[in-house]
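Below is one structure, written out as C-alpha cells; the observations come after it.
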Amino acid sequence: MAIPFMETVVGFMIVMYIFETYLDLRQLTALKLPTLPKTLVGVISQEKFEKSRAYSLDKSYFHFVHEFVTILMDSAILFFGILPWFWKISGAVLPRLGLDPENEILHTLSFLAGVMTWSQITDLPFSLYSTFVIESRHGFNKQTIWMFIRDMIKGTFLSVILGPPIVAAIIFIVQKGGPYLAIYLWAFMFILSLVMMTIYPVLIAPLFNKFTPLPDGDLREKIEKLASSLKFPLKKLFVVDGSTRSSHSNAYMYGFFKNKRIVLYDTLIQQCKNEDEIVAVIAHELGHWKLNHTTYSFIAVQILAFLQFGGYTLVRNSTDLFRSFGFDTQPVLIGLIIFQHTVIPLQHLVSFGLNLVSRAFEFQADAFAVKLGYAKDLRPALVKLQEENLSAMNTDPLYSAYHYSHPPLVERLRAIDGEDKKTD
C-alpha cells in the first residue's frame, strides 16, 4: 500500500497553520492591552505606546489575511495536483520556442519562470497594501510607486541573471553526483554562499541603496576607537540611505577576515541624537563578532544544510514519493521541492531552536556592551529604537518564544540592569 505522502504533508501544513494562528491570536490579545508593561511605564511615552499599538494591530490583522490566503493557495496547489500539471505545461511550451523539452535544465527554467511570474502576481497586492497603506499610514513608507516598481524590476532582473546558472549547476551535480551527492551539493552551496556574501554588499546592495562613507567627526572617531580597542579589523564605515524607502532604522556589519565593514542607517543617526547611544548599538554588534556568534551561526547553518542534502539523497529516488505528489518522472527541482515539504516538521523545530540560540546571543551581546561601560547609553538606545520603529510593547510569551529571534525589550532592559549591577 502506497504511503499518502502528499496528504500527510498537506495535513501537517494545516495543523501548523492552526497552531500558528493560535499563537497569533494570543499575540493579538497582548497587542490589545491598553497599558504598557510595568517595566516600560515612565520609559515609553503614552503617545508612542498608542502609535505602536495601532501599528502592531494593523500589521496583525493584515498578517491574518495574508496567512489565510497563503495556506489556501499552498494546500490547493498540492492537493489538486496543480504542481505536476504546471510542470507538464512548462515542458509543453519549449517546442513552440524551438527548444528541446527533454532537456531537464531548460524544462526547469521554464517551470521556474512560470512560478516566478505567478508569485509576483499573487504577492503584489499584499506588497502594495503593506507598503502603501500600512507603512504609509504609520509614517514609515518613503517610497514612491515608481521606486517600488523599479526595485521589483531590478529584483526580477537579478533573478533572471543569477538563477539559470545556479539551477543548471544544481541539476548537473544531482545527475552526476553519485554516492557523494550530498558532499558535492553542500560544497557547491557553501562556495555559492561565500561568493554571494562577497558580491552582495559590493555589487547588489548598491543597486537598491546608496552607501557613503560616514563623515569625519566625533561619531566616526568614537566608532573607530571602539573597533580598535577590540582589535576589530574595520576597513570601511558607511551610511546607507535607508530613509529613501523607510524610516525604520538599523545597523549591521559584514565582511570576511581582515576586511570588515560597518553600515549605519541614516535613520539611526537621525533618531539617536546622542552619539554615544549609536556607539552603544555598535558595541552590541561588535559583541556578536567578539563572541564569535556570526561564526557559530554560519557553522550551524552549514551543518543543517549538509544534513538536509543528506536527507534529500535518501529520498530523491523514491518513486512512491513522486507519485504521491502526481509525478510520473523524477525531476531534480521537483524532488527538492517535495523534500522541503516532507521535512516541514523538522524545519519548524530547527527554526525554533535557532531562535532560542539567537535570543541567547542577543543577551550576550548586550552584556558585552554593558561590560564595556555602555549600559547607560545602550538602555536609552534600545528604548529609542523600539519607539521610533513602533515595535510591539506588549508581547505574548509563547508567541515571542516561537517567532522572535530577538528578546522583547522588557526582557533586554531587565537583563541589562542585572548585568550593570554585577559590573558595579
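Keep in mind that this is a model prediction, so the values were computed, not measured. Quick note: numbers below take in every heavy atom, side chains included, and nothing from hydrogens, waters or symmetry partners.
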Would you check, one step at a time, whether the test side-chain contact (heavy atoms from CB on, under 4.5 Å) holds for Leu219 with Val279?
CA-CA 8 Å; Leu219 179 58; Val279 179; 4.0 Å; yes

Test of understanding: with ring-ring contact (aromatic ring centres under 6.0 Å, His included), list the residues that count as partners of [X], not counting sequence neighbours.
{"X": "Phe363", "answer": "none"}
{"X": "Phe238", "answer": "none"}
{"X": "His341", "answer": "none"}
{"X": "Phe148", "answer": "Phe132"}

For a quick test of your reading: what N or O donor-acceptor pairs under 3.5 Å do the side chains of residues 139-147 make, sequence neighbours left out?
unit_1	atom_1	unit_2	atom_2	d
Asn141	OD1	Gln143	N	3.1
Asn141	ND2	Ser136	OG	3.1
Asn141	ND2	Gln143	O	3.3
Thr144	OG1	Met147	N	3.1

Is any side-chain heavy atom of [X] closer than 4.5 Å to a side-chain heavy atom of [Y]?
{"X": "Ile262", "Y": "Tyr252", "answer": "no"}
{"X": "Leu268", "Y": "Ile278", "answer": "yes"}
{"X": "Leu237", "Y": "Arg261", "answer": "no"}
{"X": "Val115", "Y": "Phe86", "answer": "yes"}
{"X": "His406", "Y": "Arg412", "answer": "yes"}
{"X": "Phe325", "Y": "Val9", "answer": "yes"}
{"X": "Glu388", "Y": "Thr267", "answer": "no"}
{"X": "Leu409", "Y": "Thr39", "answer": "no"}

Heavy atoms only: give me the nearest [X]-[Y] pair and the separation to one decimal.
{"X": "Pro331", "Y": "Phe322", "result": "O-CE2, 3.8 Å"}
{"X": "Leu336", "Y": "Ile170", "result": "CD1-CG2, 4.0 Å"}
{"X": "Pro397", "Y": "Ser400", "result": "O-OG, 3.1 Å"}
{"X": "Leu33", "Y": "Arg53", "result": "O-NE, 3.2 Å"}
{"X": "Tyr404", "Y": "Thr395", "result": "OH-CG2, 3.6 Å"}
{"X": "Ile282", "Y": "Ala251", "result": "CD1-CB, 4.2 Å"}

Whether Glu387 and Lys51 form a salt bridge (side-chain N of Lys/Arg under 4.0 Å from carboxylate O of Asp/Glu) is what I want to check.
no

Answer yes or no: is there an ion pair linking Arg137 with Asp58, defined by an N-O contact shorter than 4.0 Å?
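Judged by the 4.0 Å cut-off on N to carboxylate O distance, Arg137 and Asp58 do form a salt bridge.
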
Is it true that a side-chain atom of [X] and a backbone atom of [Y] form a donor plus acceptor pair closer than 3.5 Å?
{"X": "Ser324", "Y": "Pro4", "answer": "no"}
{"X": "Ser75", "Y": "Leu72", "answer": "no"}
{"X": "Lys290", "Y": "Leu230", "answer": "yes"}
{"X": "Ser351", "Y": "Gln347", "answer": "no"}
{"X": "Glu50", "Y": "Pro34", "answer": "no"}
{"X": "Ser405", "Y": "Ser358", "answer": "no"}

For Asp366, which of Arg379, Lys371, His284 qualifies under side-chain hydrogen bond (donor to acceptor under 3.5 Å, both in side chains)?
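It is His284; the other options fail the test.
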
Across all chains, not counting sequence neighbours, the side chain to side chain contact (heavy atoms under 4.5 Å, CB included) partners of Phe12 are Met16, Ile344, Pro345, His348

Output side-chain donor-acceptor pairs under 3.5 Å for residues 103-111, partner residues at least two apart or in another chain, one line each.
unit_1	atom_1	unit_2	atom_2	d
Asn103	OD1	Ile105	N	3.0
Asn103	OD1	Leu106	N	3.1
Glu104	OE1	Gln175	NE2	3.1
Glu104	OE2	Val332	N	2.6
His107	NE2	Trp87	O	2.6
His107	NE2	Ser90	OG	3.3
His107	NE2	Gly91	N	3.2
Thr108	OG1	Glu104	O	2.7
Ser110	OG	Ser90	O	2.8

Evaluate whether atom [atom1] of [X] has more than 12 neighbouring non-hydrogen atoms of other residues, nucleotides or ligands under 6.0 angstrom away.
{"X": "Phe64", "atom1": "CZ", "result": "yes"}
{"X": "Phe126", "atom1": "CZ", "result": "yes"}
{"X": "Glu47", "atom1": "CD", "result": "no"}

List the residues meeting side chain to side chain donor-acceptor pair (under 3.5 Å) with Gln308, not counting sequence neighbours, and say none if there are none.
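None.
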
Side chain to side chain donor-acceptor pair (under 3.5 Å) involving Gln330 - partner list, sequence neighbours excluded
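None.
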
Testing Thr35, Leu40, Val41 for side chain to side chain contact (heavy atoms under 4.5 Å, CB included) with Pro37, which one passes?
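Between Pro37 and the candidates, side chain to side chain contact (heavy atoms under 4.5 Å, CB included) is satisfied uniquely by Leu40.
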
If we check salt bridge (Lys or Arg N to Asp or Glu O under 4.0 Å) with Glu277, which of these qualifies: Lys222, Lys384, Lys376?
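Of the listed options, the one satisfying the test is Lys384.
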
In Å, rounded to the nearest 0.5 Å, how long is the span from CG of Leu57 to CD of Gln27?
9.5 Å

Which value, rounded to the nearest 0.5 Å, describes the distance between Ile204 atom CD1 and Leu162 atom CG?
5.5 Å

Is it true that [Y] and [X] share a donor-acceptor pair across their side chains at a distance under 3.5 Å?
{"X": "Asp123", "Y": "Ser119", "result": "no"}
{"X": "His293", "Y": "Glu362", "result": "no"}
{"X": "Ser243", "Y": "Asp266", "result": "yes"}
{"X": "His403", "Y": "Glu20", "result": "no"}

How would you list, by chain and number, every residue that makes a salt bridge (Lys or Arg N to Asp or Glu O under 4.0 Å) with Arg26, sequence neighbours excluded?
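Checked Arg26 against salt bridge (Lys or Arg N to Asp or Glu O under 4.0 Å); matches are Asp396.
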
With under 30° as parallel and over 60° as perpendicular, where do the rings of His66 and Phe62 fit, or are they tilted in between?
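Parallel.
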
Measure centre to centre between the rings of Phe19 and Tyr402, then say whether the value is under 6.0 Å.
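Yes - the distance between ring centres of Phe19 and Tyr402 falls below the 6.0 Å cut-off.
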
Apply side-chain contact (heavy atoms from CB on, under 4.5 Å) to Phe80 and Trp85, showing your working.
CA-CA 9 Å; Phe80 293 107; Trp85 171 80; over 6 Å; no

Could you give all pairs that pass the side-chain hydrogen bond (donor to acceptor under 3.5 Å, both in side chains) test and reach residues 187-216, with sequence neighbours left out?
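Output for this query lists Asn209-Asp241.
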
Which pairs pass side-chain hydrogen bond (donor to acceptor under 3.5 Å, both in side chains) with one or both residues in residues 150-165, sequence neighbours excluded?
Gln120-Thr156, Asp151-Arg245

